[in-house]
Amino acid sequence: MGSPADWPTEPVAAAEAPTVRSQVIKAGYTGESYLNHVATTWGITMKAREKVDFPGRPTVWHASGVKEDGNTAMWIAETWTIDGDLTTWSCHVTATAAKQADFLHDCAGLDHPGAEPESTKTWLDAMKPRVDTAFAAGRAPVDSPLHRSGPVASMLQKGPDGTYGGDYYELRTFGVGPG
């Protein structure tokens, strides 16, 4: 198990990135208002929360939803502790989807305590071409360096997606402890 300090400073094959276990973003922070805003704005119907019991890890709540449009899709996923504290927020979109950049920007605006959404959006804009270049070199999933914003880190991944006939981007934001 790695830590955010172990994360590469340049885009790297996802298989080479360390595994970092998500932490509570902040006790009592559910993120529901913002998460509901994104789902509603983008027409994504969320499934009901369900308990997920991973072997060797604590039981968590998880919810996700997807919106398909022809050969593209966008979806979001959220994970909370059993007490309801948000730990992970993820947005996944087909790279050729209309307004994929706007969708990722909206996802980068998570309103967690200590959030710096404009900084995260600027980082995202600068990181996408670097991730695109690294992905084009190997056509295997690529993870970006981390962006820290208060008690969270964000990471952009690009990879191949045969399901929708194109590549995908995933913006994952997760709790990492005090910044």
Side-chain angles (χ1 to χ4, degrees), residues 1-26 29 31 34-35 38-39 42 44 52 54 57 60 62-66 73-81 85-95 97 100-161 166-179:
M1 189 65 53
S3 77
D6 299 329
W7 206 271
T9 58
E10 292 296 323
V12 62
E16 297 174 23
T19 300
V20 176
R21 186 166 292 163
S22 299
Q23 300 177 27
V24 168
I25 291 174
K26 182 173 181 173
Y29 175 70
Y34 190 80
L35 305 175
V38 173
W42 293 96
I44 298 171
V52 178
F54 293 107
R57 295 193 299 187
V60 296
H62 178 79
S64 64
V66 64
M74 56 180 61
W75 59 93
I76 56 180
E78 309 146 4
T79 304
W80 300 266
T81 64
D85 299 322
L86 186 66
T87 61
T88 307
W89 159 246
S90 182
C91 293
H92 191 109
V93 62
T94 307
Q100 60 86 359
D102 294 336
F103 176 64
L104 291 173
H105 264 216
D106 208 6
C107 293
L110 184 64
D111 65 349
H112 61 83
E116 299 169 357
E118 293 310 312
S119 169
T120 303
K121 291 173 187 179
T122 298
W123 166 84
L124 178 63
D125 290 341
M127 192 52 60
K128 273 180 78 176
R130 292 174 58 193
V131 167
D132 288 341
T133 299
F135 175 72
R139 298 287 307 156
V142 171
D143 288 352
S144 74
L146 294 180
H147 172 71
R148 292 290 303 264
S149 178
V152 305
S154 295
M155 180 272 293
L156 180 65
Q157 182 177 85
K158 186 172 185 179
D161 183 0
D167 303 327
Y168 71 84
Y169 289 106
E170 181 178 358
L171 179 64
R172 189 176 315 138
T173 301
F174 52 97
V176 293

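Just so it is clear, the structure is predicted and the values come from calculations on it, not from any experiment.
- Summarising the geometry of Ala115 relative to Asp111, their closest heavy-atom pair is CB-C, 4.2 Å, with the distance given to 0.1 Å.
- Of the inter-residue distances, the one linking Glu10 atom CD with Thr133 atom OG1 reads 11.0 Å to the nearest 0.5 angstrom.
- Ile44 places none of its side-chain heavy atoms less than 4.5 Å from the side chain of Val38.
- Here the CG-CG distance, from Leu156 to Leu146, works out to 11.5 Å after rounding to the nearest 0.5 Å.
- Two residues are said to be in side-chain contact when any heavy atoms from C-beta on lie closer than 4.5 Å; Phe174 and Arg21 fail this criterion.
- Between the side chain of Ser64 and the main chain of Ala77, no donor-acceptor pair closer than 3.5 Å is present.
- Within the 3.5 Å criterion, the main-chain N or O of Cys107 finds a donor-acceptor partner in the side chain of Trp89.
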Decide yes or no on side chain to side chain contact (heavy atoms under 4.5 Å, CB included) for Glu170 and Ser90, but give the supporting numbers first. CA-CA 7 Å; Glu170 181 178 358; Ser90 182; 2.4 Å; yes
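- Between Phe54 and Val60 there is a side-chain heavy-atom pair separated by less than 4.5 Å.
- Scanning both residues, Thr94 and Gln100, for their nearest heavy atoms gives O-CB, 3.8 Å.
- For Lys26, the NZ atom sits in a loose shell: 12 or fewer heavy atoms of surrounding residues, nucleotides or ligands are nearer than 6.0 Å.
- The line from CG of Leu104 to NZ of Lys121 is 11.5 Å long, rounded to the nearest 0.5 Å.
- The aromatic rings of Tyr29 and His112 sit perpendicular, their planes meeting at an angle over 60°, well past the 30° parallel limit.
- Ser22 and Thr88 share a side-chain donor-acceptor pair at under 3.5 Å.
- Taking CG from Leu86 and OG1 from Thr81, the interatomic distance works out to 9.0 Å, rounded to the nearest 0.5 Å.
- By the 4.5 Å heavy-atom criterion applied to side chains, Ile25 and Asp85 are not counted as neighbours.
- Contact check for Val142 versus Gln157: no side-chain heavy atoms found under the 4.5 Å cut-off.
- No donor-acceptor contact under 3.5 angstrom links the side chains of Ser154 and Thr120, judged on distance only.
- Ala140 and Phe135 get closest at one heavy-atom pair: O-CD1, 3.2 Å.
- Remark: Lys158 does not engage Asp143 in a salt bridge, criterion side-chain N to carboxylate O under 4.0 Å.
- Between Trp123 and His147, the ring-plane angle classifies as parallel under the 30° and 60° cut-offs.
- Side-chain contact between Arg130 and Pro145 is present, with heavy atoms from C-beta onward closer than 4.5 Å.
- Considering every non-hydrogen atom in both Leu35 and Ile76, the closest pair reads O-CD1, 4.4 Å.
- With contacts defined as side-chain heavy-atom distances shorter than 4.5 Å, the pair Pro8/Ser144 does not qualify.
- The backbone N or O of Thr79 lies less than 3.5 Å from a partner atom in the side chain of Thr87, making a donor-acceptor pair.
- Both cation-pi conditions hold for Lys128 and Tyr169: the charged atom is under 6.0 angstrom from the six-membered ring centre and inside a 45 degree cone around its axis.
- Considering every non-hydrogen atom in both Trp75 and Phe103, the closest pair reads O-CZ, 3.9 Å.
- Side-chain contact between Pro4 and Val20 is present, with at least one heavy-atom pair separated by less than 4.5 Å.
- Scanning all heavy atoms of the two residues, the minimum distance from Gly109 to Pro117 falls at CA-CB, 3.8 Å.
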